[in-house]
Amino acid sequence: MGLPIAVLIVMFPSILFPSPNRLINNRLISIQQWLIQLTSKQMLMIHNQKGRTWALMLMSLIMFIGSTNLLGLLPHSFTPTTQLSMNLGMAIPLWAGTVITGFRHKTKASLAHFLPQGTPLPLIPMLVIIETISLFIQPMALAVRLTANITAGHLLIHLIGGATLALINISATTALITFTILVLLTILEFAVALIQAYVFTLLVSLYLHDNT
């Protein structure tokens, strides 16, 4: 029909997390709630009351990235998190929100990050420039890290899968070895998909902690 389905693909993971509406839930919902509580407790442990207001945002973020990464490992599927534009679209607003929160509520402390205490007078202009650049690089680093890790894993799976198919007719033993490597790599990619979602959300949480 010529309709773009990227929006539907991005929205699809939310269907996988149904909201419980019963007094006693089934095992799947119970495990899901336990994992969310465990992750939120660990992630929000370092935050004060103001930082904990971001709990829903952080949990939604980690669930979205994790489920999107896992869905991308299915055959013939599209992974939105391999696109730098989408990852920047998540990283920049969240980073900007933490920085604006810091300048609004802790103006002096936020400005103090640009100039460490005890800096020699001749180094002050250089250090201010370096700290400003490092601040603006944070969202780019967030987005590039997620994009690079997910893309690299998918490329490796694609290359080793192609090599396995090519080696079937040449050497069955070599094809079996490459297939074993492919299976192990796929298991590793499942772990990487969840770890990268956790790392992305944890870094946003640490940026928030520095500014609240």
Side-chain angles (χ1 to χ4, degrees), residues 4 6-14 16-17 36-37 39-72 78-117 119 123-152 192-212:
V7 176
L8 294 176
I9 292 171
V10 169
M11 291 174 64
F12 178 72
S14 61
L16 303 177
F17 298 99
I36 291 171
Q37 288 175 1
T39 310
S40 61
K41 183 179 178 182
Q42 185 178 0
M43 200 165 290
L44 299 172
M45 193 184 299
I46 59 173
H47 290 284
N48 55 20
Q49 198 64 33
K50 192 175 291 297
R52 288 176 185 177
T53 58
W54 283 55
L56 183 60
M57 173 70 76
L58 294 174
M59 287 302 102
S60 301
L61 183 67
I62 192 171
M63 287 167 65
F64 171 73
I65 298 175
S67 56
T68 305
N69 289 348
L70 289 175
L71 286 171
F78 170 72
T79 316
T81 46
T82 56
Q83 307 301 310
L84 185 60
S85 56
M86 176 174 168
N87 294 337
L88 281 173
M90 290 190 295
I92 291 174
L94 290 168
W95 166 82
T98 60
V99 172
I100 291 168
T101 301
F103 277 107
R104 184 178 176 186
H105 298 288
K106 292 173 62 178
T107 309
K108 289 184 179 179
S110 297
L111 290 173
H113 284 301
F114 291 98
L115 189 62
Q117 191 174 6
T119 305
L123 294 177
I124 286 176
M126 188 183 297
L127 272 177
V128 170
I129 293 169
I130 292 170
E131 289 295 331
T132 306
I133 292 170
S134 69
L135 178 68
F136 281 99
I137 280 177
Q138 286 176 354
M140 193 70 187
L142 269 179
V144 170
R145 183 187 295 107
L146 180 59
T147 305
N149 279 286
I150 302 301
T151 305
V192 168
L194 296 174
I195 289 168
Q196 287 305 314
Y198 180 74
V199 167
F200 190 97
T201 312
L202 182 64
L203 287 172
V204 172
S205 175
L206 290 176
Y207 296 157
L208 178 65
H209 174 65
D210 291 338
N211 288 286
T212 53

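Everything numeric here is computed off the predicted structure, so don't read it as measured data.
Qualifying side chain to side chain contact (heavy atoms under 4.5 Å, CB included) partners for Q37, counting only residues two or more places apart in sequence or in other chains: none. With sequence neighbours excluded, the residues forming a side chain to side chain contact (heavy atoms under 4.5 Å, CB included) with L84 are L88, M140, A143, V144, T147, listed by chain and number. Here S134 pairs with E131 under the side chain to side chain contact (heavy atoms under 4.5 Å, CB included) rule; sequence neighbours left out. With sequence neighbours excluded, the residues satisfying side chain to side chain donor-acceptor pair (under 3.5 Å) with T81 are N69.
With hydrogens and angles ignored, the 3.5 Å screen pairs no side-chain donor or acceptor of W95 with any backbone N or O of I137.
To the nearest 0.5 Å, atoms CG (L194) and CD1 (I65) are separated by 11.5 Å. For the atom pair T82 OG1 and L146 CG, the distance stands at 9.0 Å (nearest 0.5 Å). Atom-to-atom distance recorded for M43:CE and K41:NZ is 14.5 Å, nearest 0.5 angstrom.
Taking the side chain as every heavy atom from C-beta outward, L58 and L44 approach each other to under 4.5 Å.
Residue pairs that meet the side chain to side chain donor-acceptor pair (under 3.5 Å) test with at least one member in residues 52-62, sequence neighbours left out, do not exist here.
For CE of M59, the number of neighbouring non-hydrogen atoms (other residues, nucleotides, ligands) closer than 6.0 Å is greater than 12.
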Distance-only donor-acceptor hits, side chain of residues 196-204, under 3.5 Å, sequence neighbours excluded:
residue	atom	partner	partner atom	Å
Q196	OE1	N149	ND2	3.4
Y198	OH	Q42	NE2	3.4
T201	OG1	A197	O	2.8

